[in-house]
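Numbering of residues begins at 1 and proceeds along the displayed sequence. No experiment lies behind these values; they were computed from the predicted model shown.
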Amino acid sequence: MRSYISIFIALFLFVNVNAQEKTKVKEKTKGIASETIQTNNPLDVSIIERETGLKGKQNKEEYKITIPQNDLQVTVDGFKIIPAMGLGTWVAFTPHGSGTMIMGDLVLTENDLKSVQQEVINQGLTISAIHNHFIRNHPNIVYMHIGGMGATDEMSRKVHAVLMAIQASRGHNPASSPADSVQTSLDAKSLDAIIGSTGEWSKGVYKYTIGRPDVTLKEHGSTITTFFGFNTWAAWQGTTEKAAVAGDFTMLENEVEPVIKTLIQHGIEVVALHNHMVHEQPRIFFLHFWGVGNAEQLARGLKAALNETGKGKSDHMHMMHH
C-alpha cells in the first residue's frame, strides 16, 4: 500500500513541476518576444523644435540639433580648432516606443562641467561618458555624453534645460559669436584617392565621415546610425607640407589593438580611448587621434588604420591572400 502511495505522490510532483516549467518557458518566451518586437511611433519634429527653440536636421526617422561652439577660442599645437574640427555640441532624437530616445555630446569648458552635469542629473537624464578629444588644447575642453528615454515633449524640455545650463555657465549663447574659419590649401582630391572616400568642406576644414554598415548597433533596442554618432571621422586643415588632422575611430573590441598600433606606427598620436555609450550591443570603443605633418603621409596612415576595421579589414585581408 505504501509503495502505491509513494508512486502516486511522485507522479503528482512530476506532473506539477512539469506544468510549472512549461508555464515559465511560455512566460519567458513571451517576455523575449515583447522585448524584440518594439513598435516605434514616428518622431514629431515640430514638438522638438517648439520645446527646444532650435532647428536641426532630419535624416529619415532621426533628428539632430547641432550647436557650434563659436565662442571658444581653442588652439592645439598652433592650429586653430573651430567647430568643424570637432567643437560642436549635438543632441539627436530617434523614435523609441511611443516617445523618443536621445543621445548627445556636449562640448564643455572646465568651468561648465559641474553645473551642467548637475542639471543633467536633475533632469533625470544619464551621463555615459566624460572625456577629452584633444591634448595640449588651450583652454582645456571636456566632452560629456548624455542620454535618456521618454515622451518627446518631455525629453525636448529636458534637453533645452541642459543647453540653457551651458548658456548660463558661459554667460552667453555659444553659437551667437561669429563663426570662425581657417586657411587651408590642401589637395582634397589627392586625399580622397588615398582615403578612398570623399569629404566635405566647412570653413576651411575638410572632413570625412565614414559609417560602419558592417555593424548593426543597438542601444536599448534602438538602432544607432552614422547620423547618431556611430562613425569614424577625420577633419583636416593646413597645407600639403604641414597639415593637421583630428578625428575619431569607432571600433569593435578586437579592432582596438591593431588600429592603435597602426596609427602610432604611422606617427599619428592616439590622444584618447573610451566609450561613448554604456548599454550598446555589440560593445563599441572610440579612439581620438591627432596628427601633424605631410598630408599624404598622414592620409596613408589613416587608410592603413581604416583597413583594420570593418569592411576595410576584410578587403585588406582578401588582397593579402592574392
Pairwise side-chain contact, [X] with [Y], heavy-atom cut-off 4.5 Å (strictly under):
X: Leu72; Y: Ile81; value: no
X: Leu273; Y: Met251; value: yes
X: Leu106; Y: Trp90; value: no
X: Arg136; Y: Trp290; value: yes
X: Phe79; Y: Gln237; value: yes
X: Glu200; Y: Thr209; value: no
X: His172; Y: Asp71; value: yes
X: Asp180; Y: Asn70; value: no

Distance-only, no hydrogens or angles: does the [X] side chain make a donor-acceptor pair with backbone N or O of [Y] under 3.5 Å?
X: Thr75; Y: Gly78; result: no
X: Asn59; Y: Glu62; result: no
X: Thr262; Y: Pro258; result: yes
X: His160; Y: Ser156; result: no
X: Thr184; Y: Gly204; result: yes
X: Lys303; Y: Ile195; result: yes
X: Glu255; Y: Gly310; result: yes

Worked check of side chain to side chain contact (heavy atoms under 4.5 Å, CB included) between Lys80 and Val205: CA-CA 11 Å; Lys80 190 162 54 175; Val205 169; over 6 Å; no
Look at the rings of His133 and His288 and say which category their plane angle falls in: under 30° parallel, 30 to 60° tilted, over 60° perpendicular.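 Parallel.
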With under 30° as parallel and over 60° as perpendicular, where do the rings of His145 and His131 fit, or are they tilted in between?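 If you compare the ring of His145 with that of His131, the planes turn out tilted.
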State, to 0.1 Å, how close [X] and [Y] come at their nearest heavy-atom pair, and which atoms those are.
X: Ser181; Y: Ile82; result: CA-CD1, 4.0 Å
X: Ala84; Y: Ala235; result: O-CB, 3.7 Å
X: Phe93; Y: Val159; result: CZ-CG2, 4.0 Å
X: Ala246; Y: Met85; result: CB-CE, 4.1 Å
X: Glu49; Y: Tyr63; result: OE2-OH, 2.6 Å
X: Ala272; Y: Asn132; result: CB-O, 3.6 Å

Does a donor on one side chain and an acceptor on the other come within less than 3.5 Å for [X] and [Y]?
X: Gln123; Y: Glu119; value: yes
X: Ser46; Y: Asp44; value: yes
X: Thr94; Y: Glu61; value: no

Answer yes or no on whether Lys207 is positioned over the face of Trp233, meaning its NZ or CZ is under 6.0 Å from the six-membered ring centre and within 45° of the axis.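 Flagged: Lys207 positioned over aromatic ring of Trp233.
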Roughly how far, to the nearest 0.5 Å, is the [atom2] atom of [Y] from the [atom1] atom of [X]?
X: Leu191; Y: Thr198; atom1: CG; atom2: OG1; value: 11.0 Å
X: Ser177; Y: Arg170; atom1: OG; atom2: CZ; value: 9.5 Å
X: Leu43; Y: Thr100; atom1: CG; atom2: OG1; value: 5.0 Å
X: Asn173; Y: Ile166; atom1: CG; atom2: CD1; value: 10.0 Å
X: Glu308; Y: Leu252; atom1: CD; atom2: CG; value: 13.0 Å
X: Leu108; Y: Asn140; atom1: CG; atom2: CG; value: 11.0 Å

Is there a path from [X] to [Y] through hydrophobic residues (I, L, V, M, F, W, Y) whose side chains come within less than 4.5 Å of each other?
X: Ile127; Y: Met155; answer: yes
X: Ile210; Y: Leu186; answer: yes
X: Ile284; Y: Val278; answer: no
X: Val245; Y: Ile135; answer: no
X: Leu113; Y: Ile67; answer: yes

Steps toward side chain to side chain contact (heavy atoms under 4.5 Å, CB included) verdict (Glu269, Ile264): CA-CA 6 Å; Glu269 198 171 9; Ile264 291 173; over 6 Å; no
Tell me if the aromatic rings of Phe249 and Phe286 count as close, with their centers under 6.0 Å from one another.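 No, the ring centres sit 6.0 Å or more apart.
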Could you point out which residue of Thr232, Thr250, Leu263 forms a side chain to side chain contact (heavy atoms under 4.5 Å, CB included) with Leu287?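 Single pass found, and it is Leu263.
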Under the criterion ring-ring contact (aromatic ring centres under 6.0 Å, His included), I'd like the reasoning laid out for Trp201 against Tyr206: C-alpha separation, chi angles, the key distance, then a yes or no. CA-CA 5 Å; Trp201 285 103; Tyr206 192 59; 4.8 Å; yes
Could you walk me through whether Val162 and Val116 pass the side chain to side chain contact (heavy atoms under 4.5 Å, CB included) check? CA-CA 7 Å; Val162 170; Val116 175; 4.2 Å; yes
Does atom CD of Gln118 have more than 12 heavy-atom neighbours, drawn from other residues, nucleotides or ligands, at distances under 6.0 Å?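 Yes, because the 6.0 Å sphere around CD of Gln118 holds more than 12 heavy atoms from other groups.
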Pairing of Arg212 and Asp214 as salt bridge, 4.0 angstrom limit: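 Asp214 and Arg212: salt-bridged.
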